[in-house]
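Before any comments, here is the structure.
Here is the naming used below: chain letters follow the sequence lines, and residue numbers restart at 1 for every chain.
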Amino acid sequence: MRYWLMKSEPDEVSFEDVLAAPDRTVAWFGVRNYQARNFMRDAMSVGDGILFYHSSCAVPGVAGIAEVASTPYPDATQFDRAGKYFDPKATPEQPRWISVDVRAVEAGRFLALSEMRAIPALEDMVLLQKGSRLSISPVTPGQWSTIVSLLREGER
DNA sequence: GCCAACGTTGGC
DNA sequence: GCCAACGTTGGC
């Protein structure tokens, strides 16, 4: 059992969108970074914990808790010529990019990035390192429990 | 919109 | 294999 932070732009897929999806589950598509892909391919297991993070928005931060709900499979968007995630070098025989399914588990309150930066127990988070842009990053068990506790205090 | 930081591409 | 140029990310 491992823990992850996964960034999504809420204009594209918000945590609320996942909560509203059938079985509270969506495909995590559009990862086009090898390091992030390799985490999905090599290190994730079904049931791993996910901090669902909203990025590139007015107030970035952790919007909820989710879990890995599938093993990896080819990301369909790499084959869609008309889509922005199309990759001309990918073929169904030799896919480059993968998805996993993500299931929303619980919302809790919103934990803003600005608040996370002020918490000493979180200062080593990959997310908070200078220049860190990884869309999927590992979270330690200590960081996970700190954040889950904060999400559960003062439910929205 | 700005811009720092980082990743990728491609010429050599 | 180097590295300059370019593109992207993402907070502010």
**Asked** Is it true that A:Asp48 and A:Arg2 make a salt bridge, defined as a side-chain N closer than 4.0 Å to a carboxylate O?
**Response** no

**Prompt:** Does CD belonging to A:Glu12 count more than 12 external heavy atoms closer than 6.0 Å?
**Reply:** yes

**Message:** Less than 4.5 Å apart, side chain to side chain, heavy atoms only: is that true for A:Val26 and A:Asp17?
**Reply:** no

**Item:** Note, A:Trp97 side chain near A:Asp87 side chain (heavy atom, < 4.5 Å)
**Value:** yes

**Check: A:Trp144 and A:Leu51 side chains under 4.5 Å, non-hydrogen atoms** = yes

**Prompt:** If you fit an axis to the five pairs at each end of the helix from B:dG1-C:dC12 to B:dC12-C:dG1, how big is the angle between those two axes, to 10 degrees?
**Reply:** 10°

**Prompt:** Along nucleotides 4-10 of chain C, 5' to 3', which nucleotides get a B, which get an S, and which get a -, given that the test is a protein heavy-atom distance under 4.0 Å?
**Reply:** ---BBBB

**Request:** Report the relative orientation of the aromatic rings in A:Tyr85 and A:Phe29; use parallel for angles under 30°, tilted for 30 to 60°, perpendicular for over 60°.
**Result:** perpendicular

**Asked** What is the ring orientation for A:Trp4 with A:Phe39, classed by angle as parallel under 30°, tilted 30 to 60°, or perpendicular over 60°?
**Response** tilted

